[in-house]
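Here the structure comes first, spelled out in structure tokens, and everything after it is commentary.
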Amino acid sequence: QSPTLQVGRVFSSLTLSAPVQITYPPDGTDRLFVVEQSGRIKVFPNDPGVTTTKTFLDLSTVVTYGGEEGLLGMAFHPSYATNGYFYVFYSAQSPRRSVVARYKVSADPDVANPANPVIVLTVDQPYENHKGGQIAFGPDGMLYVPLGDGGSGGDPMNLAQNTNDLRGKILRLDVDHTDPGLAYAVPDDNPFVGVAGARGEIWALGLRNPWRMSFDRLAHTLWVGDVG
């Protein structure tokens, strides 16, 4: 039997611009964070009567915004309450690329420190669409990064099935450790570790544009919205 669902407006007094994600930190503060595709992250109390937001982080001068590009995802480190780390996924230009970066909160819990980000991963992008975007930490503590097939239509570069390319994949990264030359470590139990001609970061392949994804908090199943 299908459940009965209802839709209602909760935060009726807030003004947001191109929101693509709403999330919250694992710190018990009962605050909500909204990722705006244009490059800003807003924060506000989890209260239906709230009328204003604060800007937690403004990356609008770094992010390329338009179409399927922009600030597309945010994930708090599982130990955010003690280390203050969070990760963002965004589009940038010159060259066109997707970037995963780590930032840290400032002494003010509602304001991030915009200086000295750690660039975890950069992937060149040939076209302006199919970027993926919603990064997430799994129950195993690993960071999962979805990447589209590079764009255009029909995967003209045959990237999604190419195990020597990160595009068209979901990556699984250990951001608490580093391998030589990388800002992360490749988990030993990733499926393509040790496979000749394959990138060890790959956890799943053959995707077009894994735009949104989320872990089921009870079953630990990963649900992915692959556009198209």
Original post:
Looking only at heavy atoms, which two atoms of P78 and P26 are closest? And how far apart?
Top reply: O-CG, 4.0 Å

Original post:
So does D188 have more than 12 non-hydrogen atoms from other groups sitting under 6.0 Å from CG?
Top reply: no

Original post:
What is the ring orientation for F86 with Y103, classed by angle as parallel under 30°, tilted 30 to 60°, or perpendicular over 60°?
Top reply: parallel

Original post:
OG/S91 to CD/E68 distance, rounded to the nearest 0.5 angstrom?
Top reply: 9.5 Å

Original post:
Under the 4.5 Å side-chain heavy-atom rule for ILVMFWY, direct or indirect, which residues accompany F215?
Top reply: M142, Y144, I170, W203, L207, M213, L222, V224

Subject >> Minimum-distance pair of heavy atoms, taken over all atoms of G132 and N209 >> reply: N-OD1, 2.7 Å

Original post:
In chain order, what residues pass the side chain to side chain donor-acceptor pair (under 3.5 Å) check against R217, with sequence neighbours excluded?
Top reply: Y24

Original post:
By side-chain contact (heavy atoms from CB on, under 4.5 Å), which residues pair with Q161, not counting sequence neighbours?
Top reply: L205

Original post:
For N190 and I202, which heavy atoms make the closest approach, and how far apart are they?
Top reply: CB-O, 4.1 Å

**OP:** Please step through side-chain contact (heavy atoms from CB on, under 4.5 Å) for the pair Q125 and L147, ending with a clear verdict.
**Re:** CA-CA 10 Å; Q125 295 287 359; L147 287 165; 4.2 Å; yes

Subject >> Closest non-hydrogen atom pair between V35 and G73, with its separation >> reply: CG1-N, 4.4 Å

Could you list the donor-acceptor pairs under 3.5 angstrom formed between side-chain atoms of residues 3-20 and any protein atom two or more places apart in sequence or on another chain?
none

Original post:
With a 4.5 Å heavy-atom cut-off, do E69 and R96 have their side chains touching?
Top reply: yes

Original post:
Do V195 and T163 come within less than 4.5 Å of each other through their side chains, counting heavy atoms only?
Top reply: no

Subject >> side-chain contact (heavy atoms from CB on, under 4.5 Å) partners for N116, two or more places apart >> reply: none

**OP:** May I ask you to test the Y65-L71 pair for a side-chain heavy-atom distance under 4.5 Å?
**Re:** no

Original post:
Side-chain contact, heavy-atom cut-off 4.5 Å: F89 with S98?
Top reply: yes

Original post:
Yes or no on side chain to side chain donor-acceptor pair (under 3.5 Å) for S106 and D108, after CA distance, side-chain angles and deciding distance?
Top reply: CA-CA 5 Å; S106 72; D108 182 343; 5.6 Å; no

**OP:** Determine whether H77 and D176 make a side-chain contact, defined as any pair of heavy atoms from C-beta on separated by less than 4.5 Å.
**Re:** yes

Subject >> Interatomic distance, E201 atom CD to L143 atom CG [nearest 0.5 angstrom] >> reply: 12.0 Å

**OP:** Heavy atoms only: give me the nearest T23-M74 pair and the separation to one decimal.
**Re:** CG2-SD, 4.2 Å

Original post:
Is it true that D149 and R208 make a salt bridge, defined as a side-chain N closer than 4.0 Å to a carboxylate O?
Top reply: no

Original post:
Is there side-chain contact between L171 and L166, with at least one heavy-atom pair below 4.5 Å?
Top reply: yes

Original post:
Tell me, do L182 and L173 make a side-chain contact under 4.5 Å, heavy atoms counted?
Top reply: no

Original post:
So do R199 and N164 actually touch side chain to side chain, heavy atoms under 4.5 Å?
Top reply: yes

Subject >> All salt bridge (Lys or Arg N to Asp or Glu O under 4.0 Å) counterparts of D226, not counting sequence neighbours >> reply: none

